[in-house]
Protein chains: 2
Amino acid sequence: MKDEEIAAMMRALGHPVRLNILRIMAQRQRDCCCADVTDCLPLAQSTVSQHIKVLVEAGLIERRPKGTRNCYVLITSKFAALESAFGKMTAALTELSARNRHQENKG
Amino acid sequence: MKDEEIAAMMRALGHPVRLNILRIMAQRQRDCCCADVTDCLPLAQSTVSQHIKVLVEAGLIERRPKGTRNCYVLITSKFAALESAFGKMTAALTELSARNRHQENKG
DNA sequence: TTCTTTCATCGTTAAACAACGATATAGGCG
DNA sequence: CGCCTATATCGTTGTTTAACGATGAAAGAA
């Protein structure tokens with residue numbers, strides 16, 4: 001996973017409303033459409049739709065047209081991939097950082 | 001860890017240059033100052049300093065004045081905390097999402 | 001066909017971000 | 001003290017984001 005892609009997903013997750021939207025979508029029994037999310041938030045429908053679009057474009061959720069509504073589902077594989085990539089990055093940073101501190105103590 | 005804090009860290013990580021800066025800081029042997037980072041990037045010093053500020057304010061790195069320079073070190077505990085929070089969130093989302101799909105298949 | 005519902009998109013506004021060059025401050029050196 | 005170095009901050013510019021109300025398109029009901 002390239003930095004650009006990781007950063008794009010992080011950016012999509014970098015807004016509390018969008019974290020909330022993801023939880024609402026996950027908690028919702030069965031289908032979850034835009035109106036369901038809007039009902040749970042003090043935001044205009046257009047604003048919610050815009051946030052949803054950001055999540056779709058980041059590849060974190062999927063749109064499924066269903067009659068007159070659009071249902072959204074999480075793409076769990078993408079969350080897993082991001083978690084893995086982030087974990088690897090954190091491990092690398094932490095390891096290098098620790099090694100440097102070790103040398104610092106010696107010098 | 002609250003959504004607002006998670007989102008703030010995610011936002012700070014949501015730019016490829018900042019991911020790069022973190023790697024540069026971690027890879028660097030011993031101290032890492034602003035000039036060291038700037039040397040590795042095709043960006044103005046002021047721009048790099050600004051990115052560093054974002055990382056400091058997100059609580060991901062720490063500034064340590066050292067003579068005429070400022071050294072920066074990763075706060076590994078914050079990375080661990082974020083990784084943990086993100087992992088929990090992902091697990092919750094995935095679990096709920098899977099349960100809903102299960103019920104969907106039944107209904 | 002006509003009305004209703006759902007929702008994405010448009011247009012707007014204000015705020016935040018990203019990049020730059022220029023400036024200012026603070027620590028060391030002569 | 002005066003000079004140099006490192007770097008944070010200022011001011012500017014152009015871009016992106018976040019929020020809203022209004023509009024428009026598509027599916028279904030009357």
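Chain letters run A, B, ... following the sequence lines, proteins first, then strands; residues in each count from 1. Given the structure is predicted, the values throughout are model-derived calculations rather than measurements.
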Student: Would you say B:L55 and B:H51 make side-chain contact, with heavy atoms under 4.5 Å?
Tutor: no
Student: Classify B:L43 by what it touches in the nucleic acid, base, sugar-phosphate, or nothing, heavy-atom distance under 4.0 Å.
Tutor: sugar-phosphate
Student: Between B:I75 and B:I52, is there a shared hydrophobic cluster once you connect ILVMFWY residues whose side-chain heavy atoms come closer than 4.5 Å?
Tutor: no
Student: Nearest whole angstrom, please: distance from the P of D:dA18 to the CG of A:L55.
Tutor: 11 Å
Student: From the options B:K66, B:R64, B:R63, select the one residue that forms a salt bridge (Lys or Arg N to Asp or Glu O under 4.0 Å) with B:D31.
Tutor: B:K66
Student: B:M25 has an atom CE; how far is it from atom C1' of D:dT7, in whole Å?
Tutor: 12 Å
Student: Check this one for me: any side-chain N or O of B:H51 less than 4.0 Å away from OP1 or OP2 of C:dC17?
Tutor: no
Student: If each of B:Q50 and A:Q50 is mapped to the nucleotide of DNA chain C with the nearest heavy atom, which maps nearer the 5' terminus, i.e. the 5' end?
Tutor: A:Q50
Student: Rounded to whole Å, please give me the gap between CD1 in B:I52 and P in C:dA18.
Tutor: 14 Å
Student: CZ of A:R11 versus P of C:dA16: gap in Å, rounded?
Tutor: 18 Å
Student: Write down the distance between NE2 (B:H15) and P (D:dT15), rounded to a whole number of angstrom.
Tutor: 15 Å
Student: Do A:K88 and A:M1 make a side-chain contact, defined as non-hydrogen atoms from C-beta onward lying under 4.5 Å apart?
Tutor: no
Student: In whole angstrom, give the distance that lies between atom NZ of B:K66 and atom P of C:dG28.
Tutor: 12 Å
Student: Check nucleotides 1-7 of chain C for protein N or O atoms closer than 3.5 Å to its own N or O atoms and list the pairs.
Tutor:
unit_1: C:dT5; atom_1: O2; unit_2: A:T68; atom_2: OG1; d: 3.3
unit_1: C:dT6; atom_1: O4'; unit_2: A:T68; atom_2: OG1; d: 3.4
unit_1: C:dC7; atom_1: OP1; unit_2: A:C34; atom_2: N; d: 3.3
unit_1: C:dC7; atom_1: OP1; unit_2: A:N70; atom_2: N; d: 3.4
unit_1: C:dC7; atom_1: OP2; unit_2: A:A35; atom_2: N; d: 2.8

Student: Evaluate the side-chain proximity of B:T90 to A:L82: yes if any heavy-atom separation is below 4.5 Å, no if none is.
Tutor: no
Student: Determine whether A:L22 and A:L13 make a side-chain contact, defined as any pair of heavy atoms from C-beta on separated by less than 4.5 Å.
Tutor: yes
Student: Let's see if you can work this out: which of C:dA18, D:dG21, D:dA19 has an atom nearest to the side-chain heavy atoms of A:S46?
Tutor: D:dG21
Student: State plainly whether the residues B:E4 and B:R11 are in salt-bridge range, i.e. N to O under 4.0 Å.
Tutor: yes
Student: Measure the distance from CG on A:N20 to P on D:dA19 and round it to the nearest whole Å.
Tutor: 12 Å
Student: Just how far, in rounded Å, is P of D:dT7 from CG of B:D31?
Tutor: 11 Å
